[in-house]
Structures are given as structure tokens and as C-alpha cells.
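The block underneath contains the structure these notes are about, expressed in C-alpha cells.
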Protein chains: 2
Amino acid sequence: MAVKSEHIPKATIARLATYIQVLSEFKREGTDVVSSERLAEACSVNSSQIRKDLAYFGEFGVRGVGYYVQDLITSIKRSLGIDRAWNCALVGVGNLGRALLRHREFTRKGFIIRGAFDCDPYKIGEMVEGMEIVCSRQLPAKVKELGLEIGIITTPPERAQRAANYLVGAGIKGIINFAPARVAVPKHIHLEYVDFFHYFYAAAFHIRFDEQAD
Amino acid sequence: MAVKSEHIPKATIARLATYIQVLSEFKREGTDVVSSERLAEACSVNSSQIRKDLAYFGEFGVRGVGYYVQDLITSIKRSLGIDRAWNCALVGVGNLGRALLRHREFTRKGFIIRGAFDCDPYKIGEMVEGMEIVCSRQLPAKVKELGLEIGIITTPPERAQRAANYLVGAGIKGIINFAPARVAVPKHIHLEYVDFFHYFYAAAFHIRFDEQAD
DNA sequence: GAAATTCCGTTACAAAATTCACAAACCAAG
DNA sequence: CTTGGTTTGTGAATTTTGTAACGGAATTTC
Ligand SMILES: NC(=O)c1ccc[n+]([C@@H]2O[C@H](COP(=O)([O-])OP(=O)(O)OC[C@H]3O[C@@H](n4cnc5c(N)ncnc54)[C@H](O)[C@@H]3O)[C@@H](O)[C@H]2O)c1
Ligand SMILES: NC(=O)c1ccc[n+]([C@@H]2O[C@H](COP(=O)([O-])OP(=O)(O)OC[C@H]3O[C@@H](n4cnc5c(N)ncnc54)[C@H](O)[C@@H]3O)[C@@H](O)[C@H]2O)c1
């Protein structure tokens, strides 16, 4: 699906992910058609917001009717580029890495972890969830062989830069970094930071702030 | 630390978390003083942004000098309300829940998981990381007994609402929901959604978008 | 089949966030 | 003590994001 406008707000992308989640729930409940008003309520956003977000990508609704749930899910997925599978490499098979490898939802949502890499000789060769843990040095070969496009970093923070270097050198296109460390990559590589503590900090701040307001 | 202004942007809170991360790295490297310019570069933001974000909470810098790294970390922590420990309850001890329980960083950062709850009779009584898995029904008693304030939901999505209800009923103040499901809670309860797929969707979108731009 | 109703897409407007720009504050050197 | 070189904190300008309003397309009702 072609993008109409030049720049799309980061916040719009985040909301589209929420829309998919809520729409999938509607679908499971057997709802076929939904208005922007009803969807907005379920997502805790303004209904104009939804119509505007969708307008960046095309016209998906029917005036006087609303949006067909299944069609809208398909359209949003196409807009986000998740109407196809993405092959992923996971670097760092520790606690978190294993939890991700065992999570079936990644495959179901089209993010297929096809390679698991570690540098610990005791771990290399071990099977996790039907996948053999491979030495990080083999990344370049595996990236080419398996067509890996997205790298997932779940190493300790002090090793995150090295993992990123391996991934970039191997020709990966994007990186999702779960380690709490900033990493430097060439600017054509897309980089996302996932920091759980952001959420905890925000919660702590608001809980204390709300208390003070009383 | 008193808050100067009424409303503080959500984005500011998120950035403060990044500042702490980067400042901690500076500290480890032995840097004592840092200018907003240098911090900005390391965080990939504008330097006025940093000064403005900090100004919401007070005046932490010295003109002509910059910010004392350790002092600034302390000040930001106080501003966010993480200058003390927060007792947490984890509901749903599966793959992800276990990874979180084993993660030492939570305790180090002041988010201490003091209770692990599950509803699976086979899991109740099991020890994980020195903690006994307890039946969810005991939440109200444990919340009072241990002074638990933040609930972490790591149940399957279809059980997330029930877990939230338990937590709210038990008197928790905030919830961090790792399950991909919207939940309804009274508005005095602070709720944060952690959805890994947001990051994957954003990566997929940008990788494809950047390719198209060529 | 006309009128009333619903609800999308878009434009116009308002609000919020970000960046700019500069006075005031600080330090170091002479 | 003064001067010169920095760097903060903040009001003003700019950019971005979100909301409201409304014309028009589709459906339903009578
Ligand atoms: N466990 C959690 O719940 C959790 C939560 C939030 C963030 N994190 C972050 O995720 C990361 C991983 O956490 P964890 O608990 O799984 O740690 P872990 O120590 O259990 O696992 C890290 C793994 O990375 C491997 N590794 C180290 N250097 C490597 C390299 N250069 N190349 C490939 N593999 C390498 C190690 O051998 C190990 O298997 C950490 O940065 C942590 O801060 C973890
Ligand atoms: N595993 C991952 O890497 C991962 C990644 C992203 C999101 N998630 C989400 O996190 C959640 C947990 O994932 P998981 O892989 O750990 O699943 P899991 O099935 O391994 O664990 C879920 C646990 O919750 C318990 N549970 C169910 N209902 C409960 C209730 N009412 N009260 C208390 N406990 C209850 C189950 O007994 C089980 O132990 C899911 O919603 C999943 O979508 C997981």
C-alpha cells in the first residue's frame, strides 16, 4: 500500500499497533463492522485521531457504515509492512532470549526467529525450541543463507555494541535492542530500543505524582 | 523534589529514563561533568530538549560548567520518584514471568518483586529465584502484608483482565501489563502497556519505507 | 424514492512539543 | 578585580501533533 504523505508521526505507528490488537479482539468476538467512534473508545483515543491516522495510508472505511473489521486489519498490516514474514536473528540466548525463542506469537505475527546466536562455548550446539544455538561468528553466513533482516539483541548491555557490530557487518537491515545500552549503527540501519524500565519509571512517577495531587 | 509545572509531557518522562541510562554510562567511564550538548549527542536528542526537560523539575546545572554527572542522576531519580524502592507483585509465572524474576536488575533499580502469583496448581509452591509461587487468591493478603504497590501482568492475554481485577481488588496502585490485551481499571490506577510487537512493527515499517525511498 | 441518519475523509483550527536565541551566571586566567 | 570564554535556564518562534467541524457518500426508514 502506497503511503500518501511524506512523514508519518511515530505516534501514529504506535497507535496502529494498538488498533490491530483491538480489532483482532473485535474479530474474535464476531464483530464484522466497527465505527471509528467505537474503535476509539476501545483504544482510549479520539475518533478523529483514528480517521486521521488511517488517512495517511488510504481510504479504508465506508461512509455511513464504518470499517469492515477484517478488511481494516488487512489494510493496516499492509500499511505497516507486516503483510509478509520477516526473518529475525536473535543474539544472546540467556533468560530473556529464551523467553522470546519460546514465544509462539512471534511466528504467528510474522516475525520468525530463524537463527539463535551466542558466544558462550557451553551454549553453542544446544537446542532451544527446535533451534540450534550457533556461534556469533557465523552471523554473516547465516544472514545470507537464511535471508535474515531484523536482529534482536538480548546480550548483556556491555556486549550490545559488539552484537550490533556483528549484525550490521552481516548485512542486517534493522535492530531491536533489549539491552539497556545505547549502540551506534550506520544511519541506514533502523534501530529500536526496548527498555522495560521506561515503563516502571513512568509508573513510579505517576503513582507518586497522583498521590501528591490529593 | 517538587514539580514546578502542572503537566509534564509523557515524552519527557521517557527521555529522562534515557538520560539516566547514558549518565550511568558516563559515570562508569569516570566522567564527572557533562554539558547538555554532550549528553544530547549521546542520547540523540537536541540539547535544548534536555535543558527544558530538566527545567520541569528544577535547576540542576551550573552555568559555564555543565551538570555534575552523579548529582544529575540523583536529581533525575528523585524527580521520577525512583529514589526509593517499589515493591512489586508479578502475576503469571510463565516464560516471560520467569525471565523477569531472574533478572537481577529489577532489584538493583529499586523495583523489588516480592510476590510471584499464578493460578496453575502445578506451579503453586514451586520456588523460583528464592521465591515461592503463591496462589493468585492470596493477592489481597500479600499486598497488605508486603506493601506491594505495582503489579506486573505476565499472564496470557485472555487472563489479563482477571489478573488486573485481582490486583485492583487487592489495593495495588499501578499496573504494568505485558500481555497484548487492553484491560479496564478504575482511573486512579496507573496502567502501562508493554507490547513488544510495537517495536517490531515500527522496525518493519521503517525498513520497508526506507527501501521504497531509494 | 425521498428524507433522515450515520459516519468517513478532509480541512481548518487549537494545543502541545520542540527548537532557537540570548541574557544571566559561572569559572579561569591574568 | 576584570575580562573572555562557556554553558545554563527560559521566553519566543517554529514545528508538529491532536481535535473539532463539516461536506458528502452510503444506508436505512417510511
Ligand atoms: N531477563 C529479563 O527479564 C530482562 C528484562 C529487561 C532487560 N533485559 C536485558 O536483556 C539482556 C539479556 O538479559 P538476560 O537476563 O537474558 O541475560 P543473560 O545473562 O541471561 O543472557 C545473556 C546472553 O548473552 C550471551 N552473550 C554475551 N555476549 C554475547 C555476544 N557478544 N554475542 C552473542 N551472545 C552474547 C551470553 O552468553 C548469555 O547467554 C540484558 O541486557 C538485560 O539487561 C533482560
Ligand atoms: N514469552 C515472551 O517472550 C513474551 C513476549 C511478549 C509478550 N509476552 C506476553 O506475556 C504473557 C506471558 O507470556 P508467557 O510466554 O510467559 O506465557 P506462559 O503461558 O508461559 O505463562 C503464562 C502464565 O500465566 C499463568 N496464569 C494464567 N492465568 C492466570 C491468572 N488468572 N492468574 C495468575 N496466573 C495466571 C499461567 O499458569 C502461566 O504460568 C503473554 O500474554 C504473552 O503474550 C510474552
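What you are looking at is a predicted structure, and each value in this text was computed from that prediction instead of being measured. All chains are named by letter (A, B, ...) in the order of the sequence lines, taking the proteins before the strands, and each is independently numbered beginning at 1.
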Inset, instruction - Would you confirm whether the ring centroid of Phe106(B) sits within less than 6.0 angstrom of the ring centroid of Phe196(A)? - result: no

Legend entry - Euclidean distance, atom CG of residue Leu39(A) to atom C1' of dC7(C) [Å, nearest integer]: 13 Å

Inset, instruction - Taking all heavy atoms of Pro157(B) and all of Ala179(B), pick out the closest pair and write down the distance. - result: CA-CB, 3.9 Å

Inset, instruction - Nearest 0.5 Å please: distance from the OH atom of Tyr193(A) over to the OG atom of Ser44(B). - result: 6.0 Å

Inset, instruction - Measure from CD on Glu37(B) to P on dC20(C) and round the result to the nearest Å. - result: 10 Å

Legend entry - Validation row: Leu72(B), Leu54(B) side chains within 4.5 angstrom (heavy atoms): yes

Legend entry - Smallest separation among heavy atoms of Ile207(A) and His190(B), with atom names: CG1-CB, 4.3 Å

Inset, instruction - Look at all strands and tell whether Ser36(A) reaches a base, only sugar-phosphate, or nothing, counting heavy atoms closer than 4.0 Å. - result: sugar-phosphate

Legend entry - Nearest-nucleotide pick for Ser48(A), side chain only, options being dT10(C), dT18(C), dA20(D): dA20(D)

Inset, instruction - Give the rounded distance in Å between these two atoms: CZ of Arg15(A) and C1' of dT19(D). - result: 12 Å

Inset, instruction - Determine the interplanar angle of the Phe111(A) and Phe197(B) rings, folded into 0 to 90°, and report it as parallel if under 30°, tilted if 30 to 60°, perpendicular if over 60°. - result: tilted

Legend entry - Contact letters for nucleotides 22-30 of chain C, in which S counts primed atoms plus P, OP1 and OP2 and B counts the base, heavy atoms under 4.0 Å: --BBBS---

Inset, instruction - Please check if the side chain of Tyr199(A) supplies one atom and the backbone of Asn177(B) the other of a donor-acceptor pair under 3.5 Å. - result: no

Inset, instruction - Name the nucleic acid region contacted by Arg38(B), choosing base, sugar-phosphate or nothing; use a 4.0 angstrom heavy-atom cut-off, strictly under. - result: nothing

Inset, instruction - State whether the side chain of Ser136(A) and the backbone N or O of Phe117(A) hold a donor-acceptor pair below 3.5 Å, judged by distance alone. - result: no

Inset, instruction - Five pairs at each end of the helix from dG1(C)-dC30(D) to dG30(C)-dC1(D): take the axis at both ends and give me the angle between them to 10°. - result: 20°

Inset, instruction - Quick one: label Ser47(A) by what it contacts on the DNA or RNA (base, sugar-phosphate, nothing), any heavy atom closer than 4.0 Å. - result: nothing

Distances for protein N or O near nucleotides 11-15 of chain D N or O, under 3.5 Å:
unit_1, atom_1, unit_2, atom_2, d
dG11(D), O6, Lys52(B), NZ, 3.4
dA12(D), N6, Lys52(B), NZ, 3.4

Inset, instruction - Select base, sugar-phosphate, or nothing to describe what Ser35(B) touches, counting heavy atoms under 4.0 Å on all strands. - result: sugar-phosphate

Legend entry - Which residue lies more 5' along DNA chain C, comparing Gly61(A) with Lys10(B) via nearest heavy atoms: Gly61(A)

Legend entry - Cys43(A) backbone acceptor or donor facing Arg182(B) side chain under 3.5 Å: yes

Legend entry - Closest non-hydrogen atom pair, Gln161(B) against Ala184(B): OE1-N, 2.8 Å

Legend entry - Nearest-neighbour nucleotide for the Gln49(A) side chain, dC8(C), dG18(D), dC20(C) considered: dG18(D)

Legend entry - Rounded distance in Å - NE2 (His7(B)) to C1' (dT18(C)): 14 Å

Legend entry - Euclidean distance, atom CG of residue Leu54(A) to atom C1' of dC7(C) [Å, nearest integer]: 13 Å

Legend entry - Between P of dT16(D) and CD1 of Ile8(A), the distance in whole Å: 14 Å

Inset, instruction - Quickly work out the Asp53(B) CG to dT8(D) P distance and round it to whole Å. - result: 14 Å

Inset, instruction - Using modelled atom types only, decide if a donor and an acceptor are shared between the side chain of Thr154(B) and the backbone of Gly92(B) within a distance under 3.5 Å. - result: yes

Legend entry - Rounded interatomic separation in angstrom, taking OH from Tyr56(A) and C1' from dC8(C): 17 Å

Inset, instruction - Taking only Lys NZ, Arg NE, NH1 and NH2, and the carboxylate oxygens of Asp or Glu, determine whether Glu149(A) and Arg114(A) approach each other closer than 4.0 Å. - result: no

